[in-house]
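First the proteins, then the strands, lettered A, B, ... as listed; each starts at 1.
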There are 2 protein chains.
Amino acid sequence: MTSFKLDDFLPYQLAVLSSRVSDGFSRHYRNAYGISVSEWRVVAHLSQADSVSVREIHQRVDMDKPKVSRAASRLEAAGYVTKTVNPQDRRLVELSLTPKGREMIEALTPIAHRYEEHLSQLLGAEDAQFRTRVSQLIAALGPEIRNED
Amino acid sequence: MTSFKLDDFLPYQLAVLSSRVSDGFSRHYRNAYGISVSEWRVVAHLSQADSVSVREIHQRVDMDKPKVSRAASRLEAAGYVTKTVNPQDRRLVELSLTPKGREMIEALTPIAHRYEEHLSQLLGAEDAQFRTRVSQLIAALGPEIRNED
DNA sequence: CACCTTTCGTTTCGTTCCCAACAGGTTGCC
DNA sequence: GGCAACCTGTTGGGAACGAAACGAAAGGTG
């Protein structure tokens, strides 16, 4: 009988860890603003540059097109973002934060930073090393046969 | 304007990493056996101890009850596991691998170990440290308000 | 024993997901 | 210009998901 311990399997551990970490932080915006993880990612990305197309978010953030599209629609319905057709290229839909959306991200940013602090504290002295390894692994595993579209 | 970079946000990075790693490995069993990640977890857990109740898997593996139940049903339909009612406590459903299921896990175990090797190689000298940090974080974040049922 | 509470697994309901197809818009090439 | 190939975002279909409710079974208390 070949022995296999799921608990020591790194893919499993990473899935559990990711889920725990994500839940730990999503609690902060789920209750206060009623948005999901997908929606949080879109808003967070919008905070860096206002007016971004759905396509760019799809490429930069780890979400496929329909997911971005639907998250954007929900955010629009909730009043956090606006969707406007780009006049130069009318295929593009530009997303931008409403004042209400900007208010939300500005309230969440310090909370996010505190959560990072918390994680760093848990990681201790090897915090930086750990983050380097994470980035390294992500880069090494590559875009992982993303949809080429 | 408060700056916030999603790319440097550890919860986001871990989600991306977990997804990449999980996809990288699931490719190996999705094509060959047509099972999903949830089903892989159940089978992998069953390889450690035969005849395990749904409840135990739910508690030990990071899956809620309906997810385990459905994964078990799919595995049963595919002929990889059997479900039998425990005679002592007839509420319990004991899962165990069929010969076909055992055959699958024994074929996948060496592949899993090779995949671990691959990841270790990517992590380099700090492999052990990295794994320690992962375990440490999981433990520190705790059961994360699991459903108490 | 009768009754209430708890536990276990399944099912239901509504939502989200992914994949594929789609319509509208743009570009290139003749 | 006109037509084909391409790009962008949305939508449909089928499967899976989470939360809550459910029926069946066991335990606990009078």
*Closest nucleotide among C:dT10, D:dA25, D:dC17 to the B:V93 side chain*: C:dT10
*Is there a side-chain polar atom (N or O) of B:R55 under 4.0 Å from OP1 or OP2 of D:dA25?*
no
*asked:* At 4.0 Å (heavy atoms only), tell me whether A:S53 reaches a base, stays on the sugar-phosphate, or touches nothing.
replied: sugar-phosphate
_Please report the distance, rounded to the nearest Å, between CG in A:D64 and P in C:dC17._
9 Å
*Starting at CD of A:E56 and ending at P of D:dT8, how long is that distance when rounded to a whole Å?*
11 Å
*Can you sort out the partners of A:F130 under ring-ring contact (aromatic ring centres under 6.0 Å, His included), two or more places apart, ordered by chain and number?*
B:F130
*Nucleotide nearest A:D89 when distance is taken to its side chain, options C:dG25, D:dG9, C:dC8*: C:dG25
Could you list the protein-to-nucleotides 11-14 of chain D atom pairs, N/O on both sides, closer than 3.5 Å?
residue	atom	partner	partner atom	Å
D:dG12	O6	A:R70	NH2	3.4

*asked:* Rounding to an integer number of Å, can you tell me how far B:L92 CG sits from D:dG23 P?
replied: 20 Å
*Measure from CG on B:L95 to P on C:dT10 and round the result to the nearest Å.*
8 Å
*asked:* Out of the candidates B:L95, B:L92, B:L97, B:I57, only one should pair with B:V52 under the side-chain contact (heavy atoms from CB on, under 4.5 Å) rule; please name it.
replied: B:I57
*Look at B:K5 together with B:D7 and state whether they make a salt bridge at an N to O cut-off of under 4.0 Å.*
no
*Do NZ/NE/NH1/NH2 and the carboxylate oxygens of A:R133 and B:E126 come within less than 4.0 Å?*
yes
_Just checking B:R74: does its CZ atom have more than 12 heavy atoms from other residues, nucleotides or ligands closer to it than 6.0 angstrom?_
yes
*Please give, in whole Å, the distance from C:dG9 P to B:H58 NE2?*
9 Å
*Rounded to whole angstrom units, what separation is found between the NZ atom of B:K67 and the P atom of C:dG9?*
18 Å
*Measure distances between side-chain N and O atoms of B:R91 and base N and O atoms of C:dT7, and say whether any donor-acceptor pair falls under 3.5 Å.*
yes
*What is the minimum heavy-atom distance between B:R41 and A:A15, and which atoms define it?*
NH2-CB, 3.3 Å
*Any side-chain N or O of B:S38 under 4.0 Å from OP1/OP2 of D:dC17?*
yes
_Which is more 5' along DNA chain C, the nucleotide nearest A:Q88 or the one nearest B:V54? Just name the residue._
B:V54
*Flag the pair B:D8 and A:R131 as a salt bridge only when some basic side-chain nitrogen lies within less than 4.0 angstrom of an acidic carboxylate oxygen.*
no
*Figure out the CG/P separation between A:N86 and C:dG25, and round it to whole Å.*
13 Å
*asked:* By nearest atom, which of the nucleotides D:dA25, C:dC17, D:dG9 is closest to the B:R90 side chain?
replied: D:dA25
*Give the rounded distance in Å between these two atoms: CD of B:E39 and C1' of D:dA15.*
11 Å
